[in-house]
Amino acid sequence: MGQVSVSRTIAAVAIFAAMGTWISSCGSTPNAPVFAKTSRFHAQAVPDGSLRLAEVVHVATRDELVSAGWGYDVLISAGIPDGQIQDGSAIVGRVNCCGGPNEQATAIYAFVPDDIRVSVGDVVEIWSGKMVAENDPLGSWPNTVTRIVGKGTNGPCRWTPDDPRLWARELYCDWMPVEGWVKQSGLHSYWVKPIEASTPPTY
């Protein structure tokens, strides 16, 4: 379970394109209170500058970024040249699995540097840019993919708990505790590496 099928990817593209760049910061349940909206291209329910994981459900084309209105302005405002915004320069990632309201409501976007090539189904590490609320000026560096840590979710990286009936499962990799990752407490109990870096790390 947890693999991103072709039909599921097509559905994800339609859903995420319709949601736009902004998301309610809580948004994990249909009846949750509405707080200020924050950018999907920046920290969502994790500390600014921390590392988190996501499973790639869609790799954006340049046309989608420019015409669909869900990211081109964010990337340009951060100082990324137009010439560097190409097919594959951004992804949609799910941080909860599988199905149910959480998968859609907690999905995030991330910029992909031109030296990284990602595919649907990859598990990627993402540096979380400083949270940006709906009325804040753009310009902060966006979430950024720093590396691919897994091909699929049936190996060292997987959705936990191991119960496909649940729709709020979180990504976990066997190497996380050794590398300093910790599980957040509270409503959004994601595994993160709280490095508080002001720029994305390189490997």
Side-chain angles (χ1 to χ4, degrees), residues 16 19-29 32-58 70-71 74-75 78 90-98 100-113 116 118 122-134 136 138-150 153 157-161 166-203:
F16 294 131
M19 289 192 298
T21 303
W22 304 95
I23 181 176
S24 171
S25 59
C26 62
S28 58
T29 64
V34 177
F35 297 115
K37 291 183 178 180
T38 53
S39 165
R40 291 180 183 270
F41 259 110
H42 299 85
Q44 290 278 339
V46 296
D48 295 350
S50 64
L51 300 177
R52 69 183 310 178
L53 297 185
E55 182 184 15
V56 178
V57 297
H58 180 57
W70 63 268
V74 174
L75 302 184
I91 58 100
V92 179
R94 60 177 177 179
V95 297
N96 286 118
C97 177
C98 296
N102 274 26
E103 181 174 337
Q104 176 179 333
T106 60
I108 61 173
Y109 301 157
F111 169 65
V112 183
I116 300 177
V118 300
D122 287 350
V123 178
V124 294
E125 177 185 85
I126 295 174
W127 172 85
S128 300
K130 181 181 178 181
M131 186 179 74
V132 175
E134 186 174 24
D136 291 344
L138 296 177
S140 296
W141 196 262
N143 297 338
T144 301
V145 173
T146 56
R147 58 174 175 155
I148 299 169
V149 299
T153 55
C157 298
R158 56 195 177 276
W159 293 104
T160 59
L166 302 177
W167 47 257
R169 293 189 290 165
E170 300 140 2
L171 281 168
Y172 172 78
C173 299
D174 294 335
W175 42 260
M176 282 179 156
V178 175
E179 294 193 10
W181 291 63
V182 297
K183 188 173 184 179
Q184 295 185 145
S185 60
L187 179 62
H188 301 286
S189 55
Y190 304 119
W191 281 84
V192 299
K193 190 170 184 178
I195 58 174
E196 299 182 6
S198 58
T199 57
T202 56
Y203 296 94

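What you see below is based on every heavy atom in this structure, not just the backbone, and it leaves out hydrogens, waters and symmetry mates. Keep in mind that what you see is a predicted model, and the values were worked out from it rather than measured.
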- Item | Separation of Leu166 CG from Cys98 SG (nearest 0.5 Å) | 10.0 Å
- Within 45° cone and under 6.0 Å: Arg147 NZ/CZ vs Trp175 ring: yes
- Heavy-atom pair of closest approach, residues Asp48 and Met131: OD1-N, 3.1 Å
- Message: Applying salt bridge (Lys or Arg N to Asp or Glu O under 4.0 Å) to Arg52 and Glu125, what does each step give before you reach the verdict?
- Response: CA-CA 6 Å; Arg52 69 183 310 178; Glu125 177 185 85; over 6 Å; no
- Task: Let me see the working for Glu170 and Arg94 under salt bridge (Lys or Arg N to Asp or Glu O under 4.0 Å), right down to the final yes or no.
- Result: CA-CA 9 Å; Glu170 300 140 2; Arg94 60 177 177 179; over 6 Å; no
- Message: Between Asn143 (side chain only) and Gly129 (backbone N and O only), is there a donor and an acceptor less than 3.5 Å apart?
- Response: yes
- Message: What's the separation between atom CG in Asn96 and atom OG in Ser189, rounded to the nearest 0.5 Å?
- Response: 8.0 Å
- Note on the structure: On a heavy-atom basis, the closest approach of Ile195 and Pro201 is CD1-CG, 4.4 Å
- Query: Taking all non-hydrogen atoms of both residues, which atom of Ala54 and which atom of Val95 are closest, and how far apart?
  - Reply: CB-CG1, 4.0 Å
- Item | N/O donor-acceptor pair under 3.5 Å between His58 side chain and Gly93 backbone | no
- Message: What verdict does the side chain to side chain contact (heavy atoms under 4.5 Å, CB included) test give for Ile148 and Val118, after you've listed the backbone C-alpha separation in whole Å, the side-chain angles of each residue and the deciding distance to 0.1 Å?
- Response: CA-CA 7 Å; Ile148 299 169; Val118 300; 4.0 Å; yes
- Item | side chain to side chain contact (heavy atoms under 4.5 Å, CB included) partner of Tyr172, the single match among Thr153, Thr160, Leu53 | Thr160
- Taking the side chain from Thr144 and the backbone from Pro142, do they hold a donor-acceptor pair closer than 3.5 Å? yes
- dist Ser50:OG -> Tyr190:OH (nearest 0.5 Å) comes out at 12.0 Å
- Item | Exercise: identify the closest heavy-atom pair between Pro47 and Ser128 | O-CB, 4.0 Å
- Message: If I take atom CD1 from residue Ile116 and atom OH from residue Tyr203, how far apart are they, to the nearest 0.5 angstrom?
- Response: 9.5 Å
- Task: Can you measure from CG (Asp136) to OG (Ser39) and round to the nearest 0.5 angstrom?
- Result: 10.0 Å
- Item | side chain to side chain contact (heavy atoms under 4.5 Å, CB included) evaluation trace for Phe111 with Leu75 | CA-CA 8 Å; Phe111 169 65; Leu75 302 184; 4.0 Å; yes
- Item | Thr146 backbone acceptor or donor facing Trp127 side chain under 3.5 Å | no
- One should read off an interatomic distance between Ile126 CD1 and Gln44 CD, to the nearest 0.5 angstrom, of 11.5 Å
- Task: Indicate the atoms forming the closest heavy-atom contact of Val74 with Phe41, along with that distance.
- Result: CG1-CB, 3.9 Å
- Message: If we count only N and O atoms by modelled type, under 3.5 Å, do the side chains of Trp159 and Glu55 hold a donor and an acceptor together?
- Response: yes
- Salt-bridge present (Lys130, Glu196; N to O < 4.0 Å): no
- Using the side chain to side chain contact (heavy atoms under 4.5 Å, CB included) rule, take Val92 and Val56 through it: C-alpha gap first, then chi angles, then the decisive distance, then the call. CA-CA 6 Å; Val92 179; Val56 178; over 6 Å; no
